[in-house]
Amino acid sequence: MSCRRSEALAFSLVTEINHAMAKLVDIWDSIGIMEDQRVERMQTVKKHIDGLLHSMIKEEEALRHCIKTNIITSQKQLDTLCLELGLEPYKLEEDLTVLQMEKNLQCRVESLLKEKNERLRELSDLKKQDEELCVTLCATPYYIPSGSVPSRTQLQELQEHVKKLGNEKESRVKVFSGLRQDIRSLMDEMGHEPESSLERESICPDSDIFLLTHDNIKALKLLLSQLEMKKKSLISARDKLKERATSLWNRLSCPESEGEAFREAAMSTLFNDIRRWQGYVEHLEELQMAQLEEVVDKVRQELVVLWDKCMLGPEQREPFSVHFCDDHYTEELLSLHDNELLRMKAFYEAAQPILEDLEKWKRNWALFQEFQRKAADPNRFSNRGGSLLKESKDRAKVQKLLPKLEEELRSHVEVWEKNQGTSFLVQDQRIMDYISSQWEEHRLQKDKEKNERMTKITETSQFKTPTKRALGSTYTTPTPNKIKKMPNMLAPRTATVSSTSSASSSSGLSTTFVCVPGRPQLSAKRNKITEASTGPRVLLQEFNSDKKPVPMSYSAFTSELSRKANTDAFLNSTVKDML
């Protein structure tokens, strides 16, 4: 359609020129201009038209050249922008005129220039924030080569980096604020004056005085821990002064109102409180020096209480007995007693768990002995109301608990001795030896009671009057060959009587036979065989001798006790048969 219009315009242009030339000819005819002049004038017209057309053609050619130049320039600029922005090279569409090519290229260039400027502006803002945060946090800035246009990925990473630093700054600000507040509170509580530059800066109200670095955080944490340790030390010193003052106050029997008033008077800082208690202790010590004898006696009473609590034996108390019995009351003697009291308090505090366990064992041990005593009482079977059942359950419970308590004590003492590097002694002996000696003493007591019972039974059987027979019967002495053979009958009795006789004489064990009225004695050969068959009862010789008993465990004791109970039952039945 556009081609037809341009062709029509060209045709109309030619027509107009023809009409114009016809009019010129008519004018020239009417004027009467000759042919030569007409030719000359027509050449002038032609020259003007040619010049105009040539000028127009030249201008249009210049325009075409300019457009082509712009296309080349725009293409180069576009390639550069694509390279800087990290984009794919721009490709023009096919079958485009130069004018369309120029227009498309220029639009693309303008678009990429706008994006480039936006990236550079965003980069500038982010780098500024990054630099400020990095200076505050002493961090490394995000690296982007200078003079280059950042890609979208780089801008995104830089934005995340700045956001991360911002969050880190907020976190560190909280940590710094908390640490400085804690330091300020501790200093105020203790009454501590800043000594170093770090302490002065840590309580400075200016929040920007510190760079939010890890090193500064570590320095503040270290300072805080040092101040906390100092606070603990001051509290400990104050508590020791309080304890010392209370001890002196009790020794001197000071008025209750004075002590209460002094304790209730609180000071603003720990330092002031310590100075106050120190002055009070010095005042009480001055009063103490005027009452040395009374004070030393009270300290000795406290020592005796602690010694008893710690179950110290005579040998353990012996090293201090020289000072304990000294009647020359001096400051040095009081100091020795005070030091010993402090040492015993420290020992009791460290050993208190073990001593409590031992006390628990002793309570159960007393119950066990009580149950054993009740078990030997024949009158207990006359009780009613289920007391025997309850006693049996309680006895089983105690018998089960004792080994457990002993094992716990053993493990606790081993740990204590390993840590302290010394033996844990009670009543001048190691704890497990003490427990074993209690078991051994109990076993020996049981043997003693049994021997006494057997001796009483034997003596009764020796002097018993023969039983009268019924009327018409005759008393006959049984012949030896009719005596019932009992190989194990006389051996326990022999050992029993022998052990009894050995306890009353200094010589060794003597062999003694018991004569039962109406029955002959066994031969010496029978006696030898009987002695050889009574192995378990030989232990009585050991128990009645001067040989030191070997400590036994709870399980060994119970098995030995059960065996001896069976032996006692057999002896009782044998004696009844003999009688």
Side-chain angles (χ1 to χ4, degrees), residues 229-263 265 267 270-355 358 416-417 419-431 434:
M229 291 178 62
K230 187 172 184 178
K231 178 185 174 181
K232 290 180 181 178
S233 176
L234 291 176
I235 292 176
S236 176
R238 183 193 62 185
D239 292 343
K240 288 180 179 179
L241 288 172
K242 282 185 178 181
E243 183 179 355
R244 175 65 174 164
T246 303
S247 176
L248 291 172
W249 184 74
N250 291 331
R251 289 179 189 174
L252 299 172
S253 301
C254 295
E256 183 72 22
S257 57
E258 178 184 345
E260 291 296 330
F262 192 84
R263 279 194 288 266
M267 302 301 291
L270 280 174
F271 279 113
N272 293 337
D273 210 16
I274 288 174
R275 282 193 287 267
R276 183 173 66 93
W277 280 104
Q278 182 65 40
Y280 188 52
V281 168
E282 292 175 356
H283 169 67
L284 292 176
E285 287 177 345
E286 290 177 359
L287 295 177
Q288 178 180 250
M289 297 309 298
Q291 307 175 28
L292 272 179
E293 182 176 353
E294 181 180 352
V295 170
V296 170
D297 289 339
K298 288 185 177 180
V299 175
R300 287 173 176 174
Q301 294 174 9
E302 294 180 31
L303 272 176
V304 171
V305 172
L306 275 176
W307 285 343
D308 293 340
K309 283 184 178 180
C310 297
M311 298 183 66
L312 267 62
E315 293 182 6
Q316 293 174 273
R317 306 184 189 195
E318 180 64 27
F320 195 75
S321 61
V322 177
H323 309 298
F324 198 84
C325 301
D326 190 356
D327 294 334
H328 184 58
Y329 298 98
T330 61
E331 295 182 17
E332 183 180 358
L333 182 64
L334 176 61
S335 177
L336 290 173
H337 280 73
D338 281 335
N339 292 336
E340 178 67 10
L341 184 63
L342 291 175
R343 187 185 72 82
M344 287 307 304
K345 285 182 178 180
F347 174 79
Y348 179 73
E349 183 178 353
Q352 189 173 3
I354 297 179
L355 293 173
L358 181 59
W416 191 91
E417 291 180 346
N419 295 335
Q420 300 293 330
T422 183
S423 299
F424 192 98
L425 303 179
V426 293
Q427 300 300 336
D428 297 329
Q429 54 186 332
R430 300 184 68 177
I431 244 183
Y434 169 77

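Everything numeric here is computed off the predicted structure, so don't read it as measured data.
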Show your reasoning for whether side-chain contact (heavy atoms from CB on, under 4.5 Å) applies to Val295 and Lys298.
CA-CA 5 Å; Val295 170; Lys298 288 185 177 180; 5.7 Å; no
Checking the side chain of Gln316 only, and the main-chain atoms of Asp428 only, is there a donor and an acceptor separated by less than 3.5 Å?
yes
Using modelled atom types and a 3.5 Å cut-off, is there a donor and acceptor pairing between side-chain atoms of Gln278 and backbone atoms of Leu241?
no
If you measure from CG on Leu342 to OG on Ser247, what distance do you get to the nearest 0.5 Å?
8.5 Å
For Lys240, is there an ion pair with Glu243 - N to carboxylate O distance below 4.0 angstrom?
no
Looking at NE2 of His283 and CG of Leu287, how far apart are the two atoms once the value is rounded to the nearest 0.5 Å?
4.5 Å
Answer yes or no: are there more than 12 heavy-atom neighbours, outside Arg300 itself, under 6.0 Å from its atom CZ?
yes
Test of understanding: with salt bridge (Lys or Arg N to Asp or Glu O under 4.0 Å), list the residues that count as partners of Lys242, not counting sequence neighbours.
none
Parallel, tilted or perpendicular for Trp307 and Phe324, by the 30°/60° rule?
tilted
Can you tell me if CD on Gln352 sees more than 12 non-hydrogen neighbours from other groups inside 6.0 Å?
yes
The reported gap from CG in Leu355 to CE in Met311 (rounded to nearest 0.5 angstrom) is 8.0 Å
Would Lys345 and Glu349 pass as an ion pair if we require N to O under 4.0 Å?
no
Student check: side-chain heavy atoms of Arg244 and Asp338 closer than 4.5 Å:
yes
Decide, yes or no, whether a salt bridge links Asp308 with Arg317 under the criterion of side-chain N to carboxylate O below 4.0 Å.
yes
For residues Cys310 and Phe347, report the shortest heavy-atom separation together with the two atoms involved.
SG-CD2, 3.7 Å
Answer yes or no: is there a side-chain heavy-atom contact under 4.5 Å between Lys231 and Leu270?
yes
Considering only heavy atoms from C-beta outward, does the side chain of Val296 approach that of Val299 to under 4.5 Å?
no
When rounded to the nearest 0.5 angstrom, what is the spacing between CD in Glu286 and CG in Leu248?
11.5 Å
Beyond-backbone contact of Arg275 with Phe271, side-chain heavy atoms, under 4.5 angstrom:
yes
Quick one: are Tyr348 and Val305 in side-chain contact, heavy atoms under 4.5 Å?
no
Flag side-chain contact, heavy atom, 4.5 Å: Asp297 against Glu294:
no
More than 12 foreign heavy atoms under 6.0 Å from CD of Glu315: is that the case here?
no
Within the structure provided, determine whether Arg430 and Leu425 are in side-chain contact (heavy-atom separation under 4.5 Å).
yes
Inter-residue atom distance Glu340.CD - Leu306.CG, 0.5 Å rounding:
9.5 Å
So, Ser321 side chain and Glu318 main chain: donor-acceptor pair closer than 3.5 Å or not?
yes
So, taking the atom named CD1 in Ile431 and the one named CG in Leu358, what distance separates them when rounded to the nearest 0.5 Å?
4.5 Å
Hey, does Leu303 have a side-chain heavy atom less than 4.5 Å from the side chain of Met344?
yes
Closest heavy-atom contact between Leu284 and Trp249?
CD1-N, 4.1 Å
